Amino acid sequence: MPELPEVETIARDLRPHLTGSRIGAVRIHKSDVLRNATPAAFARALAGRRITEVSRRAKHLVLLLDDGLRLVIQPRMTGSLTVARNPHRDPYAVLDFALGGTRHLVYRDVRRLGAVLLLSPARWEAYTARLGPEPLAPGFTAARLGRALEGGRLAVKKALMDQRRLAGVGNIYANEALWIARIDPSRPAAEIRATEVARLHRAVRGVLRRAVAGRGTTVRDYRTGTGQPGAFQGRLAVYGRAGEPCLACGRHLALTHAIDGRATYFCPWCQS
DNA sequence: ACGAGGTCCTGCGAGC
DNA sequence: TGCTCGCAGGACCTCG
């Protein structure tokens, strides 16, 4: 679920609560999300550490600790992170860090497809180097997007969602951006013309920025860092609207699973 | 060098 | 009402 706007919202919400906080007791309710540490080693590495910085990279939340290690949390489909006071019993709570007083940072993940990593500075460098550019960074130009789409005949929608080519775009915003840019999601990425790349560049950045302003899209599980649903789901133009009228031309929107097996919503008329 | 499909998990809504 | 089936925001892998 959480794509760039959702993780950005979580990071902004958590930052004032976490920055400077010391992690007390670490409770691991489900250990299968820990991808590179045993539960004992994980708890030992975190307990007593101070959080010095809260940031986002792609769809990952990154907590920098005072010993240089980074706690990287990738919520994938159903993960959420909130700061709560005296968290109530929740069968889907996965991790719980006491923060002093009554505050806790809780990672909740129904399907537990999420990933939690503890990375040294060197491993972090290697990790972030494999991810593509940040689409909202000032230096992300249309030419840069054009380069990300180069090579191979893969569908442009798949290229947009490929985290090595471009960071942070998932299924919802790939659908939205392609509709805004009036580009057929199944077209080979390498065949998108320069004028279309320019439209797509504007569309991707525009929809991501508006979704951040709207505090993300809640389809089902996503919650902001304060535990609220996002507000952008009411402003989606195509995602989840199969059979409903296209907001541009009024014809019926279509749904296919032919691209990568993922739900692709599009207007067969506007995006052809 | 691709794409297709299975895998990790659980829950929910549709359909029978 | 109660079952089974397919699908869900992601990303990894193997196979052909």
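The figures here come from the full heavy-atom set of this structure, side chains too, leaving out hydrogens, waters and symmetry mates. Labels below follow one simple rule: chain letters A, B, ... track the order of the sequence lines, proteins then strands, and each chain is numbered from 1. Keep in mind it's a predicted model, so treat the numbers as computed, not measured.
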Kindly give the atom pairs (protein nitrogen or oxygen, nucleotide nitrogen or oxygen) under 3.5 Å for nucleotides 8-10 of chain B.
unit_1	atom_1	unit_2	atom_2	d
B:dC9	O3'	A:Arg112	NH2	3.4
B:dC9	O2	A:Arg111	NE	2.7
B:dC9	N3	A:Arg111	NH2	3.3
B:dT10	OP1	A:Arg112	NH2	3.3

Between N or O atoms, less than 3.5 Å apart, protein on one side and nucleotides 3-5 of chain B on the other: list the pairs.
unit_1	atom_1	unit_2	atom_2	d
B:dG3	OP1	A:Leu154	N	3.4

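Under the Watson-Crick or G-U wobble criterion, with both distances below 3.5 Å, B:dC9 is left unpaired in every strand shown. Searching all strands for a Watson-Crick or G-U wobble partner of B:dA4 with both distances below 3.5 Å returns C:dT14.
Paired with A:Leu105 under the rule side-chain contact (heavy atoms from CB on, under 4.5 Å), one option of A:Val83, A:Val26, A:Thr82, A:Ile23 passes, and it is A:Val83. Screening A:Asp184, A:Asp260, A:Asp162, A:Asn171 for a side chain to side chain donor-acceptor pair (under 3.5 Å) involving A:Lys157 leaves a single residue, A:Asn171.
Distance check on atom C1': B:dG5 versus C:dG6 gives 16 Å, rounded to whole Å. Taking atom C1' on both B:dC8 and C:dC3, the two are 25 Å apart, rounded to the nearest angstrom. One P atom belongs to B:dG11, the other to C:dA11, and the distance between them is 22 Å to the nearest Å.
The NZ atom of A:Lys157 sits 13 Å away from the P atom of C:dA11 (whole-angstrom rounding). A:Ile172 has its CD1 atom 18 Å from the P atom of C:dC7, to the nearest Å. Rounded to whole Å, the distance from CG on A:Asp162 to P on B:dC2 is 11 Å. Rounded to an integer number of Å, the gap from CG of A:Leu61 to P of C:dG9 is 22 Å. Protein atom CE of A:Met77 is 15 Å distant from nucleotide atom P of B:dC12, rounded to whole Å. In this entry the distance linking OH of A:Tyr265 with C1' of C:dG9 reads 11 Å, nearest Å. To the nearest angstrom, P of C:dC12 lies 12 Å from CE of A:Met161. Between A:Leu117 atom CG and C:dC12 atom P the separation is 11 Å, expressed in whole Å.
Classification of A:Glu196 and A:Arg187 as a salt-bridged pair holds, one side-chain N sitting under 4.0 Å from a carboxylate O. Using a 4.0 Å cut-off between charged side-chain N and carboxylate O, A:Arg215 and A:Asp13 make a salt bridge. A salt bridge links A:Glu134 with A:Arg57: at least one charged nitrogen is closer than 4.0 Å to a carboxylate oxygen. A salt bridge links A:Glu8 with A:Arg56: the distance from a Lys NZ or Arg NE/NH1/NH2 to an Asp or Glu carboxylate oxygen falls below 4.0 Å.
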Handout entry: From CA spacing to verdict: ring pair (Phe, Tyr, Trp, His ring centres under 6.0 Å), A:Phe140, A:His201
Key = CA-CA 9 Å; A:Phe140 185 73; A:His201 174 256; 5.6 Å; yes
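Looking at which nucleotide of DNA chain B each of A:Gly151 and A:Arg220 is closest to, the 5′-most match is held by A:Gly151.
Within 4.0 Å (heavy atoms only), A:Ala115 reaches no atom of the nucleic acid at all.
Nearest heavy-atom pair across A:Glu176 and A:Val238 is OE2-N, 2.9 Å.
Between A:Lys59 and C:dG9 there is no side-chain N or O to OP1 or OP2 distance below 4.0 Å. OP1 or OP2 of C:dG10 has not a single side-chain nitrogen or oxygen of A:His60 nearer than 4.0 Å. Distances shown here put every side-chain N or O of A:Gln163 at or beyond 4.0 Å from the OP1 or OP2 atom of C:dG10.
Inter-residue side-chain proximity for A:Arg108 and A:Thr78 is flagged as unmet; no heavy-atom pair is nearer than 4.5 Å.
Distance from the side chain of A:Tyr222 is smallest for C:dG9 among the nucleotides C:dA11, C:dC7, C:dG9.
A side-chain donor from one of A:Asp109 and A:Tyr107 sits under 3.5 Å from a side-chain acceptor of the other.
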